[in-house]
Amino acid sequence: MVFCSSTATPPLSQIQTFLRMGAGREVSISLDGVRDKNLMQLKKLNIALFPVRYNDKYYADALASGEFTKLAYYSDICVGAIACRLEKKEGGGQVRVYIMTLGVLAPYRGLGIGTRLLNHVLDLCSKQNISEVYLHVQTNNEDAINFYKKFGFEITETIQNYYTNITPPDCYVLTRHTSPSPTKK
């Protein structure tokens, strides 16, 4: 049963019942790449999770990032995603990762799904010697700010009026610098 592939989202009570039924059992969390075939799942999650509507460039960047964009499944139910964009740093040609979105449907938060998605991207960065990951977070989103700080992200900038049509319009830039993996000789 995959909720994200249908046009209707099940009632919250149905999702919560499913979660209670799963208590005491091992439930698998799996990640899958985003492709043209399942791009609609990412679009539906974004509509459910974020107050912003994303344009075609967002989805093109997500697809182009390859393994850096993933859907998360909780017992075959699409419940979360991380979407990244790979960017060339100014001057040096080094790549950095911009986390465009990371979200998990509310009934599935606290189960380690967001952690699994973020760790996947951080592990890829380490393996590919990418030393910088950054993102924007609305200044009043304390849950997200605290979540990212647990992974070594720091507030590096405040941008006034970054968002349009949402309040507050200001955001923080959170950045994590990592050291490249030691090279084998």
Side-chain angles (χ1 to χ4, degrees), residues 1-23 25-55 57-86 97-126 133-138 140-153 163 166 171-172 174 176:
M1 170 166 54
V2 178
F3 291 162
C4 293
S5 65
S6 68
T7 55
T9 303
L12 187 59
S13 59
Q14 188 178 348
I15 294 171
Q16 289 169 328
T17 301
F18 178 80
L19 287 174
R20 281 194 298 273
M21 290 182 343
R25 278 192 313 193
E26 179 101 8
V27 177
S28 69
I29 297 169
S30 59
L31 303 183
D32 189 24
V34 175
R35 302 173 290 288
D36 287 327
K37 285 165 99 175
N38 63 6
L39 186 62
M40 189 54 69
Q41 291 185 342
L42 179 60
K43 289 181 178 184
K44 289 181 180 184
L45 275 172
N46 284 347
I47 289 167
L49 290 167
F50 303 112
V52 175
R53 295 296 157 251
Y54 294 98
N55 60 23
K57 182 181 180 335
Y58 166 96
Y59 293 102
D61 288 343
L63 286 169
S65 78
E67 286 294 304
F68 286 89
T69 295
K70 290 288 187 182
L71 295 170
Y73 294 86
Y74 178 91
S75 291
D76 297 327
I77 302 165
C78 181
V79 299
I82 189 166
C84 298
R85 179 175 66 225
L86 303 179
V97 172
Y98 174 60
I99 299 175
M100 298 187 294
T101 55
L102 168 57
V104 176
L105 295 173
Y108 299 91
R109 292 179 190 154
L111 301 174
I113 298 166
T115 295
R116 177 100 182 260
L117 287 163
L118 184 56
N119 277 332
H120 169 78
V121 167
L122 296 177
D123 290 346
L124 278 177
C125 288
S126 177
V133 182
Y134 79 105
L135 57 113
H136 295 93
V137 174
Q138 200 172 6
N140 68 340
N141 191 344
E142 292 181 27
D143 288 343
I145 294 163
N146 291 331
F147 173 78
Y148 287 111
K149 283 184 172 182
K150 287 191 296 190
F151 292 88
F153 284 82
Y163 297 109
I166 59 174
C171 79
Y172 294 127
L174 275 71
R176 176 180 159 158

Next item on the list: Begin from the C-alpha positions of Asn46 and Tyr59 and carry the test side-chain contact (heavy atoms from CB on, under 4.5 Å) through to its verdict.
Entry: CA-CA 11 Å; Asn46 284 347; Tyr59 293 102; 3.2 Å; yes

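- Taking 4.5 Å as the limit, every side-chain heavy atom of Thr69 sits out of range of all side-chain heavy atoms of Leu63.
- Although no hydrogens or angles enter the test, the distance criterion places a donor-acceptor pair under 3.5 Å between the side chain of Asn38 and the main chain of Arg35.
- Nearest approach of Leu49 to Gly103, heavy atoms of both residues: CD1-C, 3.6 Å.
- With a 4.5 Å cut-off on side-chain heavy atoms, Asn141 and Tyr172 do not count as touching.
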Checklist line | Derivation of the side-chain contact (heavy atoms from CB on, under 4.5 Å) call for Val104 and Leu111 | finding: CA-CA 10 Å; Val104 176; Leu111 301 174; over 6 Å; no

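- Considering all non-hydrogen atoms of both residues, Arg116 and Ile29 come closest at NH1-O, 2.5 Å.
- At least one side-chain heavy atom of Ile77 sits less than 4.5 Å from a side-chain heavy atom of Tyr108.
- Taking the six-membered ring where tryptophan is involved, the planes of Tyr98 and His136 are perpendicular, since the angle between them exceeds 60° and thus also 30°.
- Note that CG of Leu135 is 5.0 Å distant from OH of Tyr148, once rounded to the nearest 0.5 Å.
- Note that OG of Ser28 is 6.5 Å distant from CG of Asp76, once rounded to the nearest 0.5 Å.
- When all heavy atoms of Tyr163 and Ile166 are compared, the pair lying nearest together is CB-CG1, 3.4 Å.
- Atoms CD and CD1, from Glu142 and Ile145 in turn, are 6.5 Å apart once rounded to the nearest 0.5 Å.
- By the 4.5 Å heavy-atom criterion applied to side chains, Ile99 and Leu118 are counted as neighbours.
- Of all non-hydrogen atoms in Gly80 and Leu117, the two that sit nearest each other are C-CD1, 4.1 Å.
- Between the side chains of Thr101 and Tyr58, at least one donor-acceptor pair of N or O atoms lies under 3.5 Å.
- In this structure, Ile82 CD1 and His120 NE2 are separated by 8.0 Å, a value rounded to the nearest 0.5 Å.
- Within the 4.5 Å cutoff, side-chain heavy atoms of Arg53 are placed close to those of Ile47.
- Gln41 and Cys78 get closest at one heavy-atom pair: OE1-SG, 4.0 Å.
- Asn119 CG to Ser126 OG: the interatomic distance, rounded to the nearest 0.5 Å, is 11.0 Å.
- Heavy-atom minimum distance, Val137 versus Ala144: CG1-CB, 4.0 Å.
- Taking the side chain as every heavy atom from C-beta outward, Phe147 and Arg109 never approach each other to under 4.5 Å.
- Using a 4.5 Å heavy-atom threshold, the side chains of Val97 and Leu86 count as touching.
- Considering only heavy atoms from C-beta on, Phe68 comes within 4.5 Å of Cys125 through its side chain.
- Note that CZ of Phe50 is 7.0 Å distant from CG of Leu102, once rounded to the nearest 0.5 Å.
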